[in-house]
Amino acid sequence: MDEIVVKSLSTPNCQQEVINVLSKIAVNLPGVIFQVLQRQDASVSVLYLSSGCQNLFEIEPEVIAADFQALSKLIHPQDIKAFRESITICSTTFTPWHWEGRIITPSGMKWIQATSSAEPQQEGDLLWNGLVMDITEQKLAQEKLQESEARYKAILSAIPDLMFRISRDGEYLDLKSEGANVTLAREEIVGKNLQELLPSDVAAISQEAIAKTLDTGTLQTCEYQLPTPLGVRDYEARLVVSGEDEILAIVRDITERKQAEIALQNLAQKFAKAFSCSPDSITISSLKEGRFLEVNDSFVKLSGYQPDEAIGKTSFDLNLWLDAADRLKLIQELQATGAIRNLELQFRQKSGEIITVLLSAEIIDLDGIPCLLAVHHDITQRKQQEAKLHLSTERDRLLAETLVRIRSSLNLEQVLQTTVTEVRQFLQADRVFITLNNANLGVKTLAESVDPKYPSVSGWSSNDEAYIQELRNLLKNNIVRVVEDITQIPLSSKVTAHCQKFQTRASLAVPIMLDEELFGALIANQCSAPRQWQPIEIDLLQQMSEQVAIAIHQSRIYQELAQLNTNLEHQVRERTAQLQQKIQEVEELHRIKDVVLHTVAHDLRTSVMGNLMVLKNLLNQGVRNALTQEPGETQTHKDIATPKDSDLKIQRVGETENSLTASEHLPIASSFAASPLPRVLASSSSQILVSRSIIERMIQGNDRQLTMINSLLEINCSEKEGLGIKLELVQFSTLLAGIFAQLQPILTQNQATVKNLIPVDLPLVMADASRLQKVVAHLVTRSLENNLPGINFTLSATVESGMIRTQIQDNGVTMSKLECDRLFDLHVRDPQDCCSTSIGLKMYLCRQVIKAHGGEIGAITNRKRGLTFWFTLPLATTSATNRP
C-alpha cells in the first residue's frame with residue numbers, strides 16, 4: 001500500500017484535500033511524514049502517516065494507529081529519557097521539536113532524526129506535524145570518521161618526530177612539536193623562512209630537497225647537523241607532497257643512531273683487527289653444516305690449511321674432528337646454553353698430527369643465517385708438559401715409595417715383586433722382571449709382573465755358559481740397553497729364539513750392580529709392538545735398579561746381622577745371667593745395709609735414750625735438792641761428799657734404776673740457764689761431781705743424736721716405701737694458726753714475734769695436717785737457731801694457678817743463693833756447725849713431704865728483707881670438696 005490515510009471519527013473537520021496534498025509530497029520524501037493530535041487528556045490520535053512508515057519502523061500502520069505507544073517502545077533504553085524531556089520542553093514552550101536517537105527494530109538498531117512543531121488547537125489540544133528521517137548511514141559514517149580522526153591523532157601524538165608544513169619557497173606554514181625536543185616556541189617558527197632559522201648550508205640542502213619533492217612527487221630524504229644547547233645533533237628529514245606547492249617534512253633526531261653506527265663501525269674495525277691478529281685460531285662457520293665462512297691466520301698455523309683450502313669446506317671435509325660425535329655434542333650444548341667456554345677437544349692437523357685445544361664458541365646471526373663463532377686455544381704443548389710433569393711426579397713417588405719400602409721391609413722377595421709390579425704400571429709395559437746372574441746358579445728370574453696375554457718368564461733359568469756370557473756382554477760396562485724393535489737389530493740365534501719364545505718386540509734393560517759386579521738386570525719388555533722408549537722411562541729404570549741393588553745389599557747385611565744377632569743373643573744370655581747374679585749380690589748388700597742400719601740405729605737410740613734418762617733424772621734431782629735445802633743449814637762431815645746446789649751426784653751405771661720411759665725426750669731447743677758452778681772433786685770412789693752446764697750440754701748432744709737417728713730412719717723408710725701421706729680436707733688458714741699456737745712457747749723463749757697476714761677465706765686444701773705441722777716447725781726452728789733472740793716472722797699466703805703459695809719471712813741473717821739452692825738437698829753441711837747435720841736432714845724431709853703433697857718448696861734470700869721460706873699446696877678438687 002503506497003499510502004495510508006487514517007481518518008479519525010473524532011476529527012470531522014479534517015479536509016480531504018489537505019490529506020491528498022500531503023500524500024503527494026510524502027511519496028517523494030525519504031522517511032515518514034506524520035500528523036498527530038495530542039489532546040488535553042494525554043491521548044494521541046494519528047491523523048496521518050506517510051508510506052515510509054513500514055520501511056522505517058517495520059510496524060504495520062494499523063498497529064501504530066491502534067496504539068501510538070508502539071513507537072515509544074522502539075526507542076533505545078538509553079535514549080528514552082532524552083526523548084521525553086525534548087517532548088515536554090516543546091509542549092511547554094511551543095518551540096520547534098528536534099531529536100536524534102536510536103530505535104531498535106526487528107532488523108537491528110537504527111538512528112533516526114525527528115523534527116516537528118506543536119500547534120495549539122481549540123480546547124487546548126496540540127497538533128504535531130513533523131518528519132522522521134533514517135540517518136543510520138550518516139551516523140555510522142560519522143562514527144567511522146571520528147574513530148579515524150582519533151586514530152590519526154593518536155598516531156600523530158605517538159610520533160616523537162617534528163612535523164612541518166613548508167611551502168615551495170621555504171616558509172614554515174605549520175608544525176607539530178609535541179614530544180619533540182624543540183628549543184623555539186611555535187610562534188617563533190610559523191611564518192618564518194628556512195634561511196632565517198637554519199644555517200645557510202642546512203637551509204640550502206633543505207630548499208633543494210623541497211624543490212625535488214614537489215617536482216618529482218616522490219619521497220626525499222636528507223641528513224644534516226645542527227648545533228643545539230645539548231651539543232651538535234644529527235637529524236634526518238623525510239619530505240612528501242602534502243598540497244599544491246606544499247610539502248610535509250618529518251624531522252627525526254638520529255644522533256644516537258649515528259653514534260651507534262660509528263660505534264658499530266669502530267667495533268667492526270676492532271673485531272676485524274682482533275680477528276686477524278689474534279694468536280688463537282678464530283673461525284666463522286655455518287651452524288648447520290659447519291662450512292667455513294671466514295678463518296684467520298692463526299687457524300692456518302693451527303690446522304695447516306690455507307684460507308683458500310678451508311673457506312667453503314666443512315670441518316668434515318678437512319677431516320679436522322678426531323671424533324665426529326664431538327661436533328654433535330658441541331651443537332647440542334650450544335643450542336641448550338647459547339655459549340661454550342674452554343671445552344677441551346682434540347683435532348687432527350693437515351699433517352695428521354693430533355693436537356689438543358680449548359674451544360670457546362657462541363652462536364651468532366649473519367644476514368639471517370645462524371653461524372658458529374669459534375675460538376681455538378692450542379694447549380698441546382701444555383698438555384705434553386703436564387703429562388711429563390705427571391710422569392715425573394709418578395716417577396718420584398715410585399722412587400720414594402720404593403726407598404721407604406726398602407728401608408722398612410727386610411723381605412727381599414716382597415720388595416722385588418712390588419717393584420716390578422709398580423714399574424710395569426708406570427711404564428704401561430707388557431712385562432717387567434728382575435733376573436739374577438750367579439756363577440753357580442746361572443741366570444734365574446727373581447720377580448716378574450706380566451700381562452696375562454703374554455707368556456711369563458717366571459721360573460725361567462739357564463745354565464748355558466755361552467748364552468749366559470752373551471747376555472752378560474749385552475749389559476757390560478754398566479750400560480743401559482735400549483731396543484725399540486728387536487727385528488731391526490742383529491742378534492744371535494739363541495737370543496732371537498728366546499725373544500720369539502716370549503714374544504718380545506722391544507726391550508729396555510738396566511744392569512743391577514752390586515760391589516761393582518753384575519748381580520742381575522731390571523728388564524722391561526713390550527710384546528704388542530715396537531716401542532720408542534722415553535728418556536724419563538730410561539731414567540726411572542736406572543734409578544730403580546740402584547734401589548734394587550740397595551735392597552739386595554741390605555738383605556745381605558740383614559743375613560749377616562741375623563747371624564751376628566744369633567751369636568750376640570748367646571752372649572747376652574750369658575751376660576744376663578752374670579748381671580742377675582750381680583743384682584742378687586747387690587740386693588744382698590742392701591739387705592745387709594738395712595740390717596746394719598737398723599741394728600746400729602737401735603743400739604745408738606737405746607744408748608742415747610738411756611743417757612738422756614739418766615742425765616735428766618740427775619738434773620731433776622739436783623733441782624729438787626736445791627729447792628728443799630733449809631736456809632742456814634750447815635753441812636756435817638758426813639755431808640762433805642754431798643753435792644751443793646750447783647753440783648749433782650752421779651752414781652755408777654747400774655746402781656740406780658731409771659723411771660723414765662724409752663720414748664720420753666726433750667725438744668731440740670730446750671735450754672736452761674747455765675750459770676758457772678764451782679768444780680767439786682769426788683769424795684769417794686762411787687760418786688762423781690759434775691757441773692750443771694756439763695749435764696745440760698750432754699743432754700743437748702744426746703737430743704741432737706736422737707733427732708739425727710730418727711731423721712735417718714725416716715729418710716731410709718721414705719726412700720724404700722714412700723712417705724705415708726694421709727690427705728684430708730683442711731682449712732689452711734685455721735691449720736697455720738693452730739701450728740703457730742703450738743710453736744708459741746719456743747717463740748716466746750726466743751723472744752720472737754709473728755705477724756699473720758694470711759686471709760681467713762683461703763680455699764680448702766687436701767693435706768696431712770701432722771706432716772705439715774712438722775714442716776712449719778722445722779722451718780721456724782731453722783730460723784730461730786741461726787739468729788739471735790728477737791727475730792720477727794711475717795706470714796702470708798696467696799692463691800696462684802690452682803695452688804696456695806705460703807711464705808714465712810724473717811728479718812734475720814741471710815745466706816747466699818747457692819746455699820738457698822742447696823738448702824733442701826740431702827748432704828752434710830759445715831762440720832763446724834754443731835747442729836748442721838740434723839737441720840739438713842730436716843730440710844730434706846720437708847721437701848719430701850711437700851712434694852708428696854704435689855707442691856714445691858724453696859728459700860729466697862734478700863739482703864734487706866732477710867730470709868723467706870715458701871711452699872705451695874694444690875687446692876682441693878670439686879669432687880674432694882663434695883665428699884661427705
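Only this structure's heavy atoms are used, side chains among them; waters, hydrogens and symmetry mates stay out. Sequential numbering from 1 along the given sequence is applied to the chain's residues.
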Side chain to side chain contact (heavy atoms under 4.5 Å, CB included) between Arg575 and Leu579: does it pass, once the steps are laid out?
CA-CA 6 Å; Arg575 184 61 178 166; Leu579 289 175; 4.3 Å; yes
Please table the atom pairs, donor to acceptor, closer than 3.5 Å between any side-chain atom in residues 562-569 and protein atoms at least two apart or in another chain.
from	atom 1	to	atom 2	distance (Å)
Asn565	ND2	Glu569	OE2	3.1
Thr566	OG1	Ala562	O	2.9

Sequence neighbours excluded, the answer for side chain to side chain donor-acceptor pair (under 3.5 Å) partners of Asp821 is Lys817
Test side chain to side chain contact (heavy atoms under 4.5 Å, CB included) applied to Leu772 and Ile850, Val730, Leu736, the passing residue:
Ile850
Please name all residues satisfying salt bridge (Lys or Arg N to Asp or Glu O under 4.0 Å) with Lys582, sequence neighbours left out, ordered by chain then number.
Glu585
Side chain to side chain contact (heavy atoms under 4.5 Å, CB included) between Ile808 and Leu795: does it pass, once the steps are laid out?
CA-CA 5 Å; Ile808 304 175; Leu795 306 181; 3.8 Å; yes
Applying side-chain contact (heavy atoms from CB on, under 4.5 Å), name anything that partners Arg805, two or more places apart in sequence or on another chain.
Thr798, Glu800, Gln807, Ile860, Trp870, Thr872
CG on Asn787 to OG1 on Thr814, rounded to 0.5 Å:
9.5 Å
Close side-chain approach of Asp810 and Asn792, heavy atoms under 4.5 Å:
no
Could I get the full list of side chain to side chain donor-acceptor pair (under 3.5 Å) partners for Thr861, not counting sequence neighbours?
none
Side-chain heavy-atom pair Asn756, Ser733 within 4.5 angstrom cut-off:
no
I'd like to check the side-chain contact (heavy atoms from CB on, under 4.5 Å) partners of Ala769; sequence neighbours left out, ordered by chain and number.
Glu728, Leu735
Donor-acceptor pair, distance only, cut-off 3.5 Å: does the side chain of Gln809 make one with the backbone of Arg865?
yes
Within the structure provided, determine whether Asn862 and Thr868 are in side-chain contact (heavy-atom separation under 4.5 Å).
no
Where is the tightest heavy-atom contact between Met766 and Leu727, given as atom of each residue plus distance?
O-CD2, 3.7 Å
Considering non-hydrogen atoms only, spot the tightest contact between Cys846 and His778 and give its length.
SG-CB, 3.6 Å
With a 4.5 Å limit on heavy-atom distance, are the side chains of Leu743 and Ile739 in contact?
yes
Residues passing the side chain to side chain donor-acceptor pair (under 3.5 Å) test with Thr748, sequence neighbours excluded, are Gln744
Main-chain N/O of Gly866 paired to Asn811 side chain as donor or acceptor, under 3.5 Å:
no
If every non-hydrogen atom of Arg424 is compared with every non-hydrogen atom of Ser449, which pair is closest and at what distance?
NE-OG, 2.9 Å
Who passes side-chain contact (heavy atoms from CB on, under 4.5 Å) against Thr734, sequence neighbours left out?
Gln731
State whether the side chain of Thr418 and the backbone N or O of Val415 hold a donor-acceptor pair below 3.5 Å, judged by distance alone.
no
Flag, side chain of Glu819 to backbone of Ser816, donor-acceptor distance under 3.5 Å
yes
Once rounded to the nearest 0.5 Å, what's the spacing between atom CE of Met544 and atom CD1 of Ile550?
10.5 Å
Measure the CZ-CD distance between Arg771 and Gln848 for me, rounded to the nearest 0.5 Å.
10.5 Å
Sorted by chain and number, sequence neighbours left out, side-chain contact (heavy atoms from CB on, under 4.5 Å) with Ala797 holds for Ile758, Leu762, Ile804, Thr806
Which atom of Leu784 lies closest to which atom of Ala752, heavy atoms considered
CD2-CB, 4.0 Å
Sorted by chain and residue number, the salt bridge (Lys or Arg N to Asp or Glu O under 4.0 Å) partners of Lys851 (sequence neighbours excluded) come out as none
Tell me the closest heavy-atom pair linking Leu729 and Ala876, and the distance in Å.
CD2-CB, 3.6 Å
So Phe732 and Pro763, do their side chains get closer than 4.5 Å, heavy atoms only?
no
Can you tell me how far the CZ atom of Arg782 sits from the CZ atom of Phe869, to the nearest 0.5 Å?
5.0 Å
Are Val548 and Thr419 close enough that some pair of their side-chain heavy atoms sits under 4.5 Å apart?
yes
With a 4.5 Å heavy-atom cut-off, do Val780 and Leu747 have their side chains touching?
yes
How many angstroms lie between CE in Met815 and CG in Leu867, if you round to the nearest 0.5 Å?
5.0 Å
Not counting sequence neighbours, which residues clear side chain to side chain donor-acceptor pair (under 3.5 Å) with Gln580? List them please.
none
How many angstroms lie between atom CG of Leu522 and atom CD of Glu546, to the nearest 0.5 angstrom?
11.5 Å
Please find the pair of heavy atoms, one from Leu873 and one from His853, that lie closest to each other, and give the distance.
CD2-CB, 3.7 Å
